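See structure below.
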Amino acid sequence: MPELPEVETTRRGIEPHVAGVKIKELIVRRRDLRQPVSRDIMKLVGCCILGVSRRSKYLLLSIDDGSTLLIHLGMSGSLRVSDPAEEWKKHDHVGITLASGKQLRFHDPRRFGLVLRLKGDPMEHPLLKNLGPEPLERGFTVGHLETVCAGRASAIKVVIMDAKQVVGVGNIYASEALFHAGILPQTPAAQVSKSQVGKLFASIRKVLAASIKEGGTTLRDFLNSDGQPGYFKQRLFVYGRKGEPCRKCGTSICHEVLGQRATYWCPKCQKS
DNA sequence: ACTGGCTCCTGAGGGC
DNA sequence: TGCCCTCAGGAGCCAG
């Protein structure tokens with residue numbers, strides 16, 4: 001599932017192929033994604049893509065007519081640069097043919113993704129307006145995380161996964177960051193000590209930064225593949241390792257569903 | 001303002 | 001080998 005590092009890797013991967021390039025043709029094969037693909041997307045034909053930015057797990061292609069093409073990969077989506085003549089795979093829902101002779105294809109088996117054309121300031125759009133700070137940028141600070149935790153009864157894992165507080169901490173990295181910070185995922189956020197919050201802050205950044213670095217190398221050839229993950233497996237300390245020995249102390253890793261999400265922790269390394 | 005639960009969807013994986 | 005069942009999961013939305 002594309003987490004923040006993969007979305008960023010995708011952004012870096014497609015940008016050189018699309019920035020400054022004109023859209024020649026748009027092909028929508030399935031419209032029923034999480035929200036229907038924008039009806040007015042055809043207006044983009046003849047327009048030029050200025051650049052690709054990212055906010056949270058949303059990709060934003062800025063268009064020279066002042067609009068923005070918003071793409072979210074959901075949990076099974078991918079973008080790849082292909083040859084227009086390439087056979088369409090099952091679940092290739094949208095194709096953007098470029099004047100360069102390439103074609104950007106949006107592929108999403110579970111259709112949790114989005115392809116929307118936004119008019120006006122994209123940051124004012126409801127999907128983007130109330131998002132918390134980017135974890136790797138200056139807006140995310142220890143002080144911010146302390147404020148977010150203060151007075152909240154919810155489990156710390158649920159809180160750090162809340163995009164209104166901080167974006168981009170997906171289910172995998174939430175478990176991983178809490179492991180590295182030595183905090184039990186179930187701990188009510190308000191009960192996490194100041195020093196623990198400091199450790200958690202550092203862990204979130206470290207885990208995400210390391211993963212972006214990893215994604216950059218392992219998904220290097222994603223333009224020719226379907227970009228499926230699996231590359232980070234060896235780096236995971238707890239996620240998906242129920243019953244397996246902790247990489248630090250050997251204790252069996254625990255698993256429980258918390259906030260409707262699979263959650264993993266080491267009962268010895270992590271305390272409330 | 002919070003909090004927890006439901007929902008969309010398909011493929012993977014386990015059990016038999 | 002094959003079928004059926006369950007589960008995973010981002011994130012918006014809604015009800016309490």
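Proteins get letters first, then strands, A, B, ... in listed order; numbering begins at 1 in each. Everything quoted here is computed from the prediction, not taken from an experiment.
Ion pairing between R29(A) and D92(A) fails under the 4.0 Å rule for side-chain N and carboxylate O. Note on K157(A) versus E256(A): no salt bridge recorded, every NZ/NE/NH1/NH2 to OD/OE distance being 4.0 Å or above.
Comparing K90(A) and A153(A) against DNA chain B, the residue whose closest nucleotide sits nearer the 5' end is A153(A).
Between the Q165(A) side chain and the G132(A) main chain, no donor and acceptor come within less than 3.5 Å of each other. With R55(A) contributing its side chain and L131(A) its backbone, the two residues share a donor-acceptor pair below 3.5 Å. Under the 3.5 Å distance criterion, the side-chain polar atoms of R241(A) are matched with a main-chain donor or acceptor of P245(A).
In this structure, the side chains of Y173(A) and P5(A) come closer than 4.5 Å at one or more pairs of heavy atoms.
Distance, R111(A) CZ to dA8(C) C1': 17 Å, rounded to whole Å.
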Produce the list of close N/O pairs, under 3.5 Å, pairing protein atoms with atoms of nucleotides 11-13 of chain C; give distances to one decimal.
| residue | atom | partner | partner atom | Å |
| --- | --- | --- | --- | --- |
| dA11(C) | OP1 | H72(A) | NE2 | 2.3 |
| dA11(C) | N7 | R261(A) | NH2 | 3.0 |
| dA11(C) | N6 | R261(A) | NH2 | 2.7 |
| dG12(C) | OP1 | Y58(A) | OH | 2.7 |

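Taking a heavy-atom distance under 4.0 Å as the criterion, the stretch of DNA chain B touched by chain A extends 5' to 3' from dT3(B) to dG11(B).
Residues F201(A) and F140(A) bring their aromatic ring centres within 6.0 Å.
When the side chains of ILVMFWY residues are joined at heavy-atom separations under 4.5 Å, either directly or via intervening members, V52(A) and F106(A) end up in a single hydrophobic cluster.
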